[in-house]
Each structure stands twice: as C-alpha cells, then as structure tokens.
*Asks:* 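First the structure, then my questions, so here it is.
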Amino acid sequence: MSFFDYFKSKKNTSASVAKERLQIIVAHERGQRDLPDYLPQLQQELLAVIRKYVQIDDDMVQVELDRNKDCSVLELNVTLPEH
Amino acid sequence: MAKIIVVTSGKGGVGKTTTSASISTGLARRGHKTVVIDFDVGLRNLDLIMNCERRVVYDFVNVIQGEATLNQALIRDKRVDTLYILPASQTREKEALTQEGVEKVITELSKTFDYIVCDSPAGIEHGALMALYYADEAIVVTNPEVSSVRDSDRILGILQSKSRRSELGLEPVREHLLLTRYNPARVERGEMLSVADVEEILAIPLLGVIPESQIVLNASNQGLPVILEDESDAGQAYEDAVARLLGEEREHRFLTGQKKGFFSRMFKG
Ligand SMILES: Nc1ncnc2c1ncn2[C@@H]1O[C@H](COP(=O)(O)OP(=O)(O)OP(=O)(O)O)[C@@H](O)[C@H]1O
Ligand SMILES: [Mg+2]
C-alpha cells in the first residue's frame, strides 16, 4: 500500500458496496435454494391454525429452513398483533 | 472415456463462447482430441468464433433427430487437427435438444474424444440445463460485476442439484471459477470487484483471470480463438487456464494495472 492510499477510504468505494450487497443477496438465495416443496403448503396451514385463535396477516408467519450438516432446523416466526 | 466440461454462467454475454473456443483450442493443441459443442440452439455463434461458419452442413439437432450422422456433422478445425466443432442448429426450437438425444451424442463422442467442451447458452432454462447435465467439470465464467456473480452462484446451485452427477449421487461436478473482462486499473481505483472479492463470495477454486482486452474483439472479428494470439495478455491468460485445468501449477498474471512511475503515483490524488 502506498503512502497516498492511506488517505483513500477503502470503505465507501463502489466495489466495496457491490461486495457487501452481493454477500447479503447470495447468502439469502443460498438459503432459499431447493427448499422442500411442502413449505408453502405448511405455511398456509399454520396460518389457518393460528387464525383460529388470533387474527393475523399472511406475512406475519414466516417459515424458514436452516440447513446444517447433521440436521435441519425449521424456524417458525409468528408476529402477533398488539392488543 | 472423455472428460466433459461445461462452460456456463447464467448471465448472458460474459464470455462463454470466447472461453469455449479458447479452452477447446488450447486442449487440442496440446494433443488432446477435443470436440466443442455449441448448445446455443437458435443463436449459433461458436462457428463464427472458430471461423467455420461456411463449412456448416449438418448440426447438433440433425444428429439428434437422425437426419445426419455425427461424422457428417462434425467439422474439423483447419488450424489444430485434433479439434472438432459440432455446431448448433440455427433455426430449430430449443426443445429439440432432448435429454436422450444429448446423451446419445455425448456417449458416442466419449468413445473417441479425450475432451468434450459444451458451450452453454445464457440463462437457466432448458438449453443451459442440457449443456451442464452430463458435465464432469464446470468452468463458471464470471465478470467482476454484481449481476454476473449472483447468476454464477445460482448456476453453482444448479450444478449441485440438477446435474447428472448430483442426481446419481456421484462425486460432484468439479467447479472452476474463470473471471473474465477483468480490469486491474479499475479494481485498484475501487470501481470494480477484485479477484479476491469474487473468490470469497463464490468460494470455488480460481482457474484463471482473463483481462479485459481489445484483442478479444479483434480476434473474434477474424474468427480466431484468442488463445492463438500467443503474444497477447488475454491469449496467455487462457493458455495458463488450460494448463491449470490439466493440473499444472501456474502463478496468476495480469492482476495488476500498468506499472506506474514515481511521479504518476505521487499525483494520483
Ligand atoms: N476478456 C475480454 N475482453 C474484452 N471483451 C471480451 C472479453 N471476453 C469476451 N469479450 C466480448 O464480450 C462479448 C460477449 O462474449 P461471448 O459471446 O463470448 O459471451 P457469451 O457468454 O458466450 O454470450 P451469450 O450469453 O450471448 O452466449 C463479445 O463481444 C466478446 O468479444
Ligand atoms: Mg455464447
């Protein structure tokens, strides 16, 4: 690195912005990759069950599959409305 | 048994055909009997880069549909005599490339060739899936640019789930990153993703870095695979990539910009 590079902030170059955006989108898309076919159906049925008790919108139930080496974790996030 | 190599990318226009032409020429001129297949049905291009467009009589789809034999359709390169081209059809529908048809042709070629290089069309549709299905190795052509890197990652996902090797639970397709149209000066100015950035995101071994070069267009204008431009940076970078593909260790070149004198460095700002 030259003396002058020292003054150039590496952080806000357009390349570093590109890298950051890519890391986020690629991680997200890898997570979505070949999810089991039953996931959307599961999400709908969970919604129906929860709606028996609480009134919630479609986007308030989130189902994600977190794959690990030995096991996968099905993560269920339900946001309840304020009373 | 031939080794089957797909040249793929997801994104269009990143340099797949340029790469297929040079890699196949490089393998062949080292004495390996090589055939390069154009999978871009409807948009054949490889024949132009290989300078054999006026010698095309029959094509890949003719062979699949039994209208011609492989020997009738294969075109022998005029420069490198261990190199053959199987051109794509100009007019047919993409669906003409049936899986059984492709398998039949590849199986037959495997008997006599050492390497089968498959030039994939852009996208992740039928044609691209057919091109990668039988691959043993994949050269993922990527430009240092967000949409290209993202598409490369998607293609890697497809190689890992939809290729023959993945479906049969065989040893996975061997993946290689080929970064093309690389501009070191822009990387140094922070305007372009660096080799290290792309390697970190895609996390596959680096086969080579091909600099952005005027020579590539000049060569394709003349129907010359750029690897035959032995004096050029892009040609030498492709030659290095071929050597690495064959297991040789070669240091990466052309990763830095023009050497600058003391004064231009002083006043760079
Ligand atoms: N290293 C390079 N330097 C400069 N120009 C290049 C380089 N590599 C490829 N090109 C140019 O980029 C354009 C697209 O290249 P090419 O046809 O090989 O891409 P492709 O991935 O096969 O495209 P398609 O997706 O349409 O099949 C061409 O004009 C080619 O000359
Ligand atoms: Mg092409």
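Throughout, protein chains are lettered first and strands after them, A, B, ... in sequence-line order, and every chain is numbered starting at 1. Since the model is a prediction, treat every value here as computed from it, not as a measurement.
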*Asks:* Answer yes or no: does atom CG of Asn77(A) have more than 12 heavy-atom neighbours from other residues, nucleotides or ligands under 6.0 Å?
*Replies:* yes
*Asks:* Quick check on Glu171(B): does its CD atom have over 12 non-hydrogen neighbours (other residues, nucleotides or ligands) under 6.0 Å away?
*Replies:* no
*Asks:* Within residues 194-201 of chain B, which positions have a heavy-atom distance to chain A below 4.5 Å?
*Replies:* Asp197(B), Glu200(B), Ile201(B)
*Asks:* List the atom of Leu193(B), the atom of Ala15(A), and the distance in Å for their closest heavy-atom pair.
*Replies:* CD2-O, 3.6 Å
*Asks:* Does atom CD of Glu95(B) have more than 12 heavy-atom neighbours from other groups under 6.0 Å away?
*Replies:* yes
*Asks:* I need the full list of salt bridge (Lys or Arg N to Asp or Glu O under 4.0 Å) pairs touching residues 126-141 of chain B, with sequence neighbours left out, sorted by first then second residue.
*Replies:* Lys3(B)-Glu137(B), Asp136(B)-Arg165(B), Glu137(B)-Arg174(B)
*Asks:* Would you list the atom pairs, donor with acceptor, under 3.5 Å between side chains in residues 45-52 of chain A and any protein atom, with sequence neighbours excluded?
*Replies:*
{"from": "Glu45(A)", "atom 1": "OE2", "to": "Gln41(A)", "atom 2": "NE2", "distance (Å)": "2.9"}
{"from": "Arg51(A)", "atom 1": "NE", "to": "Ile56(A)", "atom 2": "O", "distance (Å)": "3.0"}
{"from": "Arg51(A)", "atom 1": "NH2", "to": "Ile56(A)", "atom 2": "O", "distance (Å)": "3.2"}
{"from": "Arg51(A)", "atom 1": "NH2", "to": "Asp58(A)", "atom 2": "OD1", "distance (Å)": "2.7"}

*Asks:* If you look only at pairs with a residue in residues 142-161 of chain B, which of them pass as a salt bridge (Lys or Arg N to Asp or Glu O under 4.0 Å), with sequence neighbours excluded?
*Replies:* Glu29(A)-Arg150(B), Arg30(A)-Asp153(B), Arg33(A)-Asp153(B)
*Asks:* Look up atom OG in Ser148(B) and atom CG in Leu22(A), then write down how far apart they are to the nearest 0.5 Å.
*Replies:* 9.5 Å
